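Data block below; observations after.
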2 protein chains.
Amino acid sequence: MNDFLTEMEYVGLTSRLKRLSDSLLYSTKELYKSEGLDIEPNWNLIFILLQENETMTITEISETLQFSHPAVVKIINKMKKNGHIETRTDTKDKRKQLLTLTEKAHKQLPVFEKYWTAGRKTVMDLLADSPHFLEEFLKIEEKLNQSDYKDRTLKNLKNDEHSN
Amino acid sequence: MNDFLTEMEYVGLTSRLKRLSDSLLYSTKELYKSEGLDIEPNWNLIFILLQENETMTITEISETLQFSHPAVVKIINKMKKNGHIETRTDTKDKRKQLLTLTEKAHKQLPVFEKYWTAGRKTVMDLLADSPHFLEEFLKIEEKLNQSDYKDRTLKNLKNDEHSN
DNA sequence: CCACATTAAGTAACTGGTTACGCAAATATA
DNA sequence: TATATTTGCGTAACCAGTTACTTAATGTGG
């Protein structure tokens, strides 16, 4: 294979994460497009959430997914335009938009689910020879949750200065 | 922690990869900004390549990093604007732009390197409790290199149909 | 030697994220 | 009860990537 970023070890990892994440994203979009499906990556998550909960608000979804709320707004707007989601204003709290799946969405779900199941299978296959991956990936996320890349790096810098 | 995407297991992984990759990216940018450094994420890779090779072309870099060539064009344009890179046209092949580090770049390198070393340390720390991570991550990349997400998922779909 | 194919690099339009800001509604406080 | 704070969500501007297209230079086969 002989990949430069891999040879860089720790230095190349963040770029490899981006590269992998992008490649999955674009490949998923291409899949849906080539199959003529009117959905996009991440929509499966919204579908799952709105099946579980009937109605949710933008803020609830953004907290659940740990995405910024403008990101969720964008996704939801697209899903509304495609007729998969409808909104109504909460009568008790007029700031809140209550989101629900439309009839159309429920009708199309079985078809979508075939693709999502196949995609899930793909990820399983990709991870088949990597039995520690999910567990170790979680550890990294948890570490970064406690102290992010910037803070950790600044601390390393300071320690390094002191040791001179 | 109780993270929805984590609970989704295989289904949530691609979004978690994006989330992690983004968080590292933005945190790195913030680090450079807060320290008043006039560099951006990924530039370290270009610096390393141009120290090793003296001159390279856009295409060579994009092949080495496995980024699309427009991505490299954008990075290089920024580095040129910041005075870190200069270009001259190859006399043998006037399509090629030969890239080299400027005097200014060489002068600032030692400062940058302090930060890059600290960042490398951060990644090492993040991976400290995940001894199989790099190895298993590579396996995933290699699998996707042989057949991408779309093709694998389409194949899974077909198999599934046949088994019914 | 000329027509055609390939290659290098630049540009445009788009994508899914982000932060920063603003506004209106709800809540807390003096 | 009036005022200050917080909350929900929408919008703008940005960011680092992508694909698709263009142009110019080079390489190649009849």
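This is a predicted model, so every value here is computed, not measured. Protein chains get the first letters and strands the later ones, always in sequence-line order, with residue 1 at the start of each.
If you check residues 94-101 of chain B against DNA chain D, the residues with a heavy atom closer than 4.0 Å are B:Lys94, B:Arg95, listed by number.
No engagement by B:Lys33 is indicated, since no non-hydrogen atom pair under 4.0 Å with the nucleic acid exists. Counting any heavy atom pair closer than 4.0 Å across all strands shown, B:Lys18 reaches sugar-phosphate atoms only and no base atom. Residue contacts shown for A:Pro70 include a base, since a base heavy atom lies under 4.0 Å away. Within the 4.0 angstrom heavy-atom criterion, only backbone atoms of the sugar-phosphate kind lie near A:Lys29; the bases stay farther away. Using a 4.0 Å heavy-atom cutoff across all strands shown, A:Thr59 reaches sugar-phosphate atoms only and no base atom.
Atom NE2 of A:His69 and atom C1' of C:dT19 are 11 Å apart (whole Å). For the pair A:Arg19 CZ and C:dG16 P, the interatomic distance rounds to 22 Å; values are reported in whole Å. As rounded to whole Å, 18 Å separates atom P of C:dT18 from atom CD of B:Glu40. In this entry the distance linking NZ of B:Lys80 with P of C:dG10 reads 6 Å, nearest Å. Summarising the geometry, the separation between NZ on B:Lys74 and P on C:dG10 is reported as 13 Å, rounded to the nearest angstrom. B:Leu25 has its CG atom 11 Å from the P atom of C:dT18, to the nearest Å. The CD atom of B:Glu63 sits 13 Å away from the C1' atom of C:dA9 (whole-angstrom rounding). The separation between A:Asp148 atom CG and C:dT19 atom P is 11 Å, rounded to whole Å.
Close placement of the B:His84 and B:Phe47 rings is indicated, their centers lying within 6.0 Å of each other.
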Problem set entry | Audit row: B:Asp90, B:Arg95, salt bridge (Lys or Arg N to Asp or Glu O under 4.0 Å) steps and yes/no | CA-CA 7 Å; B:Asp90 189 341; B:Arg95 292 170 305 179; over 6 Å; no
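No side-chain donor-acceptor contact under 3.5 Å links B:Thr100 and B:Thr55. Side-chain N/O atoms of A:Glu35 and A:Tyr115 include a donor and acceptor closer than 3.5 Å.
The two residues B:Asn42 and A:Ser15 have their closest heavy-atom pair at OD1-OG, 2.8 Å. The two residues B:Pro41 and B:Tyr32 come nearest to each other via the heavy atoms N-CE1, 3.8 Å.
Relative ring orientation between B:Trp116 and B:Phe112 is described as tilted, the plane-to-plane angle lying within the 30° to 60° band.
The closest donor-acceptor contact from the side chain of A:Asn53 to the backbone of A:Met56 lies at 3.5 Å or more, if one exists at all.
Contact of the A:Ile76 side chain with the A:Ile58 side chain is registered, since non-hydrogen atoms from C-beta on lie closer than 4.5 Å.
Close approach of DNA chain D to chain B, defined as any atom under 4.0 Å from a non-hydrogen atom of the protein, starts and stops at D:dC15 to D:dT26.
Between B:Arg19 and A:Glu141 there is a salt bridge, since a side-chain N of the basic residue sits under 4.0 Å from a carboxylate O of the acidic one.
Two residues, B:Thr91 and B:Ile75, neighbour DNA chain D, and the one matched to the more 5' nucleotide by heavy-atom proximity is B:Ile75. Nucleotides of DNA chain C nearest to A:Pro41 and A:Lys92 differ in position, and the one nearer the 5' end is that of A:Pro41.
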